[in-house]
Structures are given as C-alpha cells and as structure tokens.
Amino acid sequence: MNLKDSWHLPTVASLGLGLTLAVVAGQPKTATAQSINLEKQASTQVTFESPAEPAPRNTTGASSRDGGACTQTSSAIHSTTASLSPSNESSASVTSLIPTNDRGLTTEKRPTLFVYLPRSSASEVFISMEDEYENYHYHTTLPISDAPGIFSFTVPETAPILAMGTNYKWSVSLICGDELDPGDPKVEGWIQRIEPDVALSAELETADPLEQAVLYAASGIWYDTLATLADLRLSHPDDSQLEVEWSELLKSVGLEEVAREPLAE
C-alpha cells in the first residue's frame with residue numbers, strides 16, 4: 001500500500017542504517033525495478049550531510065505536541081492489556097522523521113513524508129501543508145490502523161506541486177475524537193524543493209537505488225534519501241545490511257527512539 005492519499009500499515013521490521021545522510025536532488029527510481037549488487041552494497045555507506053539552510057521566514061521552527069489524549073505508550077498499555085503491546089514496542093510519541101533542525105530538502109514536486117505513529121485510539125490523521133507565509137497549500141484526512149509504526153504519505157497528483165525554493169510547513173495530527181481538536185497529538189516539519197545541479201542529475205541517471213540514496217545523502221537532500229531507502233528496504237525486507245543502513249541513518253539525525261520501528265508497507 002503506498003502513498004497517494006493512503007498510509008502504509010506497519011508490516012515490516014524497521015531497517016538499520018550505517019549512514020550519515022547528505023540530501024541530494026533528483027527523483028528516486030523505483031527500487032523494485034533494479035536488483036542490488038551485494039558486493040557494491042557491502043562497500044556503500046549512506047552518510048547524511050546536513051546542509052546549512054536559513055530558517056524559514058516568520059517562523060519559530062517546527063513543533064511537536066502530544067497531549068496524551070489518545071496515544072498510548074508501551075508501558076501504559078502493558079500495565080493493563082499486555083497482549084496489545086509487545087514488550088519491544090517503542091514508547092515514543094508522534095514523531096516526524098526529519099533532522100533535529102526540523103527542516104529538509106527534496107527535489108520532488110510532490111514529496112513523500114514520514115511519521116512515526118504510536119499505538120492509539122485514533123482512527124484518522126489530519127495532514128496539512130502551508131507555505132512560510134501561512135498560505136494554504138494542501139490538506140487531507142486519512143484512515144489509520146491502531147498499530148504503531150512508521151507511516152509514509154506522498155502528496156497526491158491532485159495537490160499543487162511545491163514551488164522551487166519555497167519553504168513549506170507540513171503537519172500531521174491524530175484525530176482523537178469525532179473531529180480534530182487543538183489538543184490532539186501533532187507534529188510539524190519544514191520542507192523545501194530544490195533543483196539538483198547538472199553533475200548530480202547526471203550521476204543519479206546512471207545510479208542504482210542504493211547509489212542514489214548515497215548521492216542524495218551526500219548532497220544533504222533528506223526527504224529523497226529517506227524515500228529512496230524506504231522503497232529499497234520494503235522491496236528487500238530480508239536484507240540485513242539495508243536494515244542496518246536504515247537504522248543508522250535515523251540514529252544519525254537524532255531519531256534513535258524510532259530507528260527500529262516497523263516500516264509500513
């Protein structure tokens with residue numbers, strides 16, 4: 001189950017990454033369309049290099065709000081109905097998969113966003129995007145499972161494309177009641193679309209999916225790095241090296257708590 005107006009339900013154990021990302025421009029190729037060269041993979045490391053980007057205009061950065069209205073940590077659930085919550089389930093709250101500066105780059109007109117959603121009583125999430133001047137860009141409401149995991153959402157074809165060089169703030173909120181409430185758990189993040197330079201574009205054209213992830217990471221293009229690795233991991237669920245790469249990548253940007261959470265398929 002993928003993107004366009006639908007969330008991936010967790011079915012696969014999360015991957016680990018021995019990476020440090022550098023985000024690059026370009027459109028990730030479909031991981032399933034190409035096979036992985038195992039010898040090449042063994043010597044490949046995804047290392048993310050965070051770019052020095054100015055803060056978005058008229059903002060105080062991204063935020064996270066978890067009022068506990070409907071999220072349930074593993075310890076809380078374990079004390080009442082242990083069968084509902086495995087002992088290795090993360091106690092993390094709603095978490096956006098972005099670097100610690102809450103900002104990231106993409107080369108995609110309609111990028112993919114990733115969020116960790118904990119076990120909760122919510123059956124829907126509200127997703128919205130606006131530019132740095134608080135002009136509306138897109139919003140939607142989507143159904144979710146009560147199972148915890150890393151979910152992805154790709155901005156659909158029905159939504160406007162991201163303007164080049166413009167900062168956009170996106171947010172994901174759990175809808176705990178019959179309708180969205182200001183106190184519902186919520187996370188926010190920033191994204192900016194850039195144009196890859198000629199050299200990077202040329203390298204991406206001839207690179208396999210893992211090499212593309214390396215190129216994106218080395219260029220500091222976070223969202224494309226993450227999306228490429230996620231596609232690669234889902235298409236090769238038994239590849240332990242990809243699992244390590246994914247995990248290490250998330251840890252390298254301060255996402256240790258969710259680094260081993262299930263990646264929704």
Side-chain angles (χ1 to χ4, degrees), residues 14-28 44-64 92 94-109 111-116 129 131-132 150 152-153 155 162-172 187-201 203-204 207 209-233 242 244-261 263:
S14 70
L15 15 156
L17 291 187
L19 355 161
T20 312
L21 307 184
V23 190
V24 189
Q27 181 173 352
T44 301
Q45 184 181 43
V46 181
T47 300
F48 181 71
E49 299 294 337
S50 182
E53 290 294 317
R57 179 186 179 91
N58 298 330
T59 71
T60 55
S63 65
S64 175
V94 183
T95 304
S96 53
L97 269 62
I98 50 179
T100 52
N101 64 359
D102 298 321
R103 301 193 295 276
L105 302 174
T106 183
T107 64
E108 295 293 322
K109 297 177 180 179
T112 300
L113 312 175
F114 290 82
V115 177
Y116 168 74
M129 294 187 76
D131 67 20
E132 58 190 317
I150 294 174
S152 66
F153 169 75
V155 178
L162 299 188
M164 201 74 73
T166 297
N167 290 303
Y168 293 87
K169 181 172 69 174
W170 59 269
S171 67
V172 175
V187 288
E188 296 177 344
W190 289 90
I191 187 170
Q192 181 187 119
R193 181 185 166 206
I194 63 169
E195 181 75 38
D197 61 33
V198 175
L200 176 58
S201 296
E203 288 186 283
L204 288 168
L210 184 57
E211 291 172 332
Q212 288 179 346
V214 171
L215 288 168
Y216 283 125
S219 303
I221 304 173
W222 173 256
Y223 289 96
D224 297 5
T225 301
L226 198 61
T228 302
L229 278 172
D231 283 348
L232 196 54
R233 173 58 177 150
L242 286 175
V244 172
E245 289 286 355
W246 173 267
S247 177
E248 291 303 313
L249 172 62
L250 296 187
K251 290 177 182 177
S252 74
V253 294
L255 294 169
E256 294 87 350
E257 275 198 286
V258 300
R260 298 195 63 81
E261 283 300 302
L263 181 64

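Source: prediction; values computed, not measured.
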Any donor-acceptor N/O pair, [X] side chain to [Y] backbone, under 3.5 Å:
{"X": "Tyr223", "Y": "Arg193", "answer": "no"}
{"X": "Thr106", "Y": "Glu108", "answer": "yes"}
{"X": "Gln192", "Y": "Asn167", "answer": "no"}

To the nearest 0.5 angstrom, please state how far the [atom1] atom of [X] sits from the [atom2] atom of [Y].
{"X": "Ser96", "Y": "Tyr116", "atom1": "OG", "atom2": "OH", "value": "13.5 Å"}
{"X": "Leu162", "Y": "Ile194", "atom1": "CG", "atom2": "CD1", "value": "12.0 Å"}
{"X": "Leu97", "Y": "Thr112", "atom1": "CG", "atom2": "OG1", "value": "12.5 Å"}
{"X": "Lys169", "Y": "Arg103", "atom1": "NZ", "atom2": "CZ", "value": "13.5 Å"}
{"X": "Ser171", "Y": "Leu113", "atom1": "OG", "atom2": "CG", "value": "10.0 Å"}
{"X": "Ile150", "Y": "Leu250", "atom1": "CD1", "atom2": "CG", "value": "5.5 Å"}

To check you understand the geometry: which heavy-atom pair defines the closest contact between [X] and [Y], and what is its length?
{"X": "Pro51", "Y": "Leu105", "answer": "CG-CD1, 3.8 Å"}
{"X": "Gln212", "Y": "Ala207", "answer": "NE2-O, 3.6 Å"}
{"X": "Pro111", "Y": "Ile191", "answer": "CG-CD1, 3.5 Å"}

**Message:** What verdict does the side-chain contact (heavy atoms from CB on, under 4.5 Å) test give for Val187 and Val115, after you've listed the backbone C-alpha separation in whole Å, the side-chain angles of each residue and the deciding distance to 0.1 Å?
**Reply:** CA-CA 8 Å; Val187 288; Val115 177; 4.1 Å; yes

**Asked** Run the side-chain contact (heavy atoms from CB on, under 4.5 Å) check on Leu232 and Leu242 step by step: do they pass?
**Response** CA-CA 8 Å; Leu232 196 54; Leu242 286 175; 3.7 Å; yes

**Asked** Heavy-atom distance under 4.5 Å between the side chains of Ile98 and Val253, does that happen here?
**Response**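 No. Closest side-chain heavy atoms not under 4.5 Å.
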
**Item:** Heavy-atom check, side chain of Val172 versus side chain of Phe114, under 4.5 Å
**Value:** no

